[in-house]
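Below: the structure, in structure tokens.
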There are 2 protein chains.
Amino acid sequence: MSAEGLDEALRARGMRATPQRRLVLEAVIALGHGTPEKVCERVQNVAPAVNLTTVYRTLELLEDLGVVSHTHLGHGAPTYHPSDEADHIHLVCRRCGSVSEADLALAEALARSVAGRHGFATDLAHLSLHGVCRSCAGAGEVSGAAVRSTSHER
Amino acid sequence: MSAEGLDEALRARGMRATPQRRLVLEAVIALGHGTPEKVCERVQNVAPAVNLTTVYRTLELLEDLGVVSHTHLGHGAPTYHPSDEADHIHLVCRRCGSVSEADLALAEALARSVAGRHGFATDLAHLSLHGVCRSCAGAGEVSGAAVRSTSHER
DNA sequence: GTGCCTGCAAACCGTTTGCAAAGGG
DNA sequence: CCCTTTGCAAACGGTTTGCAGGCAC
């Protein structure tokens, strides 16, 4: 959804269309994905008075509206992104912290079997896989000590 | 690994075998899975002086040793469990917060394809699926308002 | 004895809350 | 005008850090 469409969606629910809400949505779209803090920084480039609290409240609201969604990519702050870009799963490297993307289709068979066996409706947009990325797997073989010192997720 | 084996593993690395470390491992094993806070509570039943800080440091150490591992089951504190019980994936319900388990084998095809395409070694023990469980899916249809009011993960 | 480990207190990060003031309808 | 929404400040939960003392080796 665009920032323009947002105003209507809000009014349709008896909520108020405010500059802050438009700005937060625009920031999420512009970033593609980002933590609440990152979103706030970007909003503050345009409107310095906007508060982090408002960003949190607005992200929650936008998620209710189905306009954005979030994933927990590990230990820290969650990542928000426009719902219509939630077309991939995340591969989070435990060693270097890098996040890459993989085709959602890879996980569809898993979602189907979990639905069949457990009646559980998996939200694939929230799916993240933890493990070790290609470059870290290679580097990891070089030195045991080096691996140990960087093997913590937090 | 048992609490007895731990002492040897520690000494083999020039580390010290302490009662606290044995107790934390025993607590994780006894609980099957639990947050640092839960682990600490259980340790304190036996040794009230043990500090939460020590539990955090020990869980990190035990994870380094490969004796325990942890998963992020969503918004809050992570869950630790013995590595040799990491034979299932977690299904976390967004509505009621319940956590159920599913067979690891369901995700093995996913792990294989991600390894093939991206060179990414998925740690299946850390895998959790977010979505809506069977009972909440049924309850959710009853009232739109009720759904909205409980649809937040945090 | 040496130095790793522990307990305590305080800082820390990300997030939420209470409240008065601002501003959208 | 009313009532939602905002900004601020303070509290919050979970985790980490610095440091002095204790205990395994």
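Keep in mind the model is a prediction, meaning the values are calculated, not measured. In the text below, chain A, chain B and the rest are named by the order of the sequence lines, each starting its count at 1.
For residues 45-59 of chain A, the set of pairs meeting the salt bridge (charged side-chain N to carboxylate O under 4.0 Å, His left out) definition, not counting sequence neighbours, is empty. Among residues at least two apart or in separate chains, ring pair (Phe, Tyr, Trp, His ring centres under 6.0 Å) pairs with a member in residues 90-121 of chain B are B:His88-B:His90.
For the pair B:Leu61 CG and D:dT16 P, the computed distance is 14 Å after rounding to whole Å. Here the P atom of nucleotide C:dC5 and the CG atom of B:Asp64 are 12 Å apart, to the nearest Å. If you measure from atom CG of B:Leu52 to atom P of D:dT17, you get 15 Å, rounded to the nearest angstrom. A:His75 places its NE2 atom 12 Å from the P atom of D:dT15, with the value rounded to the nearest Å. Rounded to whole Å, atom P of D:dT5 lies 16 Å from atom CG of A:Leu25. In this entry the distance linking CZ of B:Arg22 with P of C:dC5 reads 13 Å, nearest Å. Per the geometry, CG belonging to A:Asn51 stands 17 Å off P belonging to C:dG18, to the nearest Å. The distance from atom CD of B:Glu60 to atom P of C:dC5 is 13 Å, rounded to the nearest whole Å.
Among residues two or more places apart in sequence or in another chain, the side chain to side chain contact (heavy atoms under 4.5 Å, CB included) test is passed with A:Glu63 by A:Val68, A:Ser69, A:His70, A:Tyr80, A:His126. Contacts of A:Thr79 classified as side chain to side chain contact (heavy atoms under 4.5 Å, CB included), with partners at least two apart in sequence or in another chain: A:His33, A:Leu73. By the side chain to side chain contact (heavy atoms under 4.5 Å, CB included) test, A:Ile29 pairs with A:Leu25, A:Pro82, sequence neighbours left out. Considering only residues two or more places apart in sequence or on other chains, B:Arg42 meets the side chain to side chain donor-acceptor pair (under 3.5 Å) condition with none of them. Listed by chain and number, the residues in a side chain to side chain contact (heavy atoms under 4.5 Å, CB included) with A:Cys40 are A:Gln44, A:Leu52, A:Val55 (sequence neighbours excluded).
Grouping Ile, Leu, Val, Met, Phe, Trp and Tyr by side-chain contacts under 4.5 Å, direct or through others, leaves B:Val132 on its own.
One axis for each end of the helix from C:dG1-D:dC25 to C:dG25-D:dC1, each built from five base pairs, and the angle between them comes to 30° at 10° resolution.
At D:dG7, one or more side-chain N or O atoms of A:Gln20 fall inside 4.0 Å of OP1 or OP2 (strictly under the cut-off).
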Spell out protein contact along nucleotides 18-25 of chain D as letters: B when the base is contacted, S when just the sugar-phosphate is, - when no protein heavy atom is under 4.0 Å; keep the 5' to 3' order. B-----BS
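For A:Tyr56, the listed nucleotide lying nearest its side chain is C:dG14; candidates were D:dT6, C:dG14, C:dG7.
Proximity of A:Glu26 to A:Val46: side-chain heavy atoms (C-beta onward) are nowhere separated by under 4.5 Å.
Residues from residues 35-48 of chain B placing a heavy atom under 4.0 Å of any atom in DNA chain D, listed by number, are B:Pro36, B:Glu37.
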Enumerate donor-acceptor pairs with a distance under 3.5 Å from any side-chain N or O in residues 103-117 of chain B to protein atoms, sequence neighbours excluded.
from, atom 1, to, atom 2, distance (Å)
B:Asp103, OD1, B:Ala105, N, 2.9
B:Ser113, OG, B:Ala109, O, 3.2
B:Ser113, OG, B:Leu110, O, 2.9

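Not a single donor-acceptor pair under 3.5 Å links the side chain of B:Thr122 to the backbone N or O of A:Leu129.
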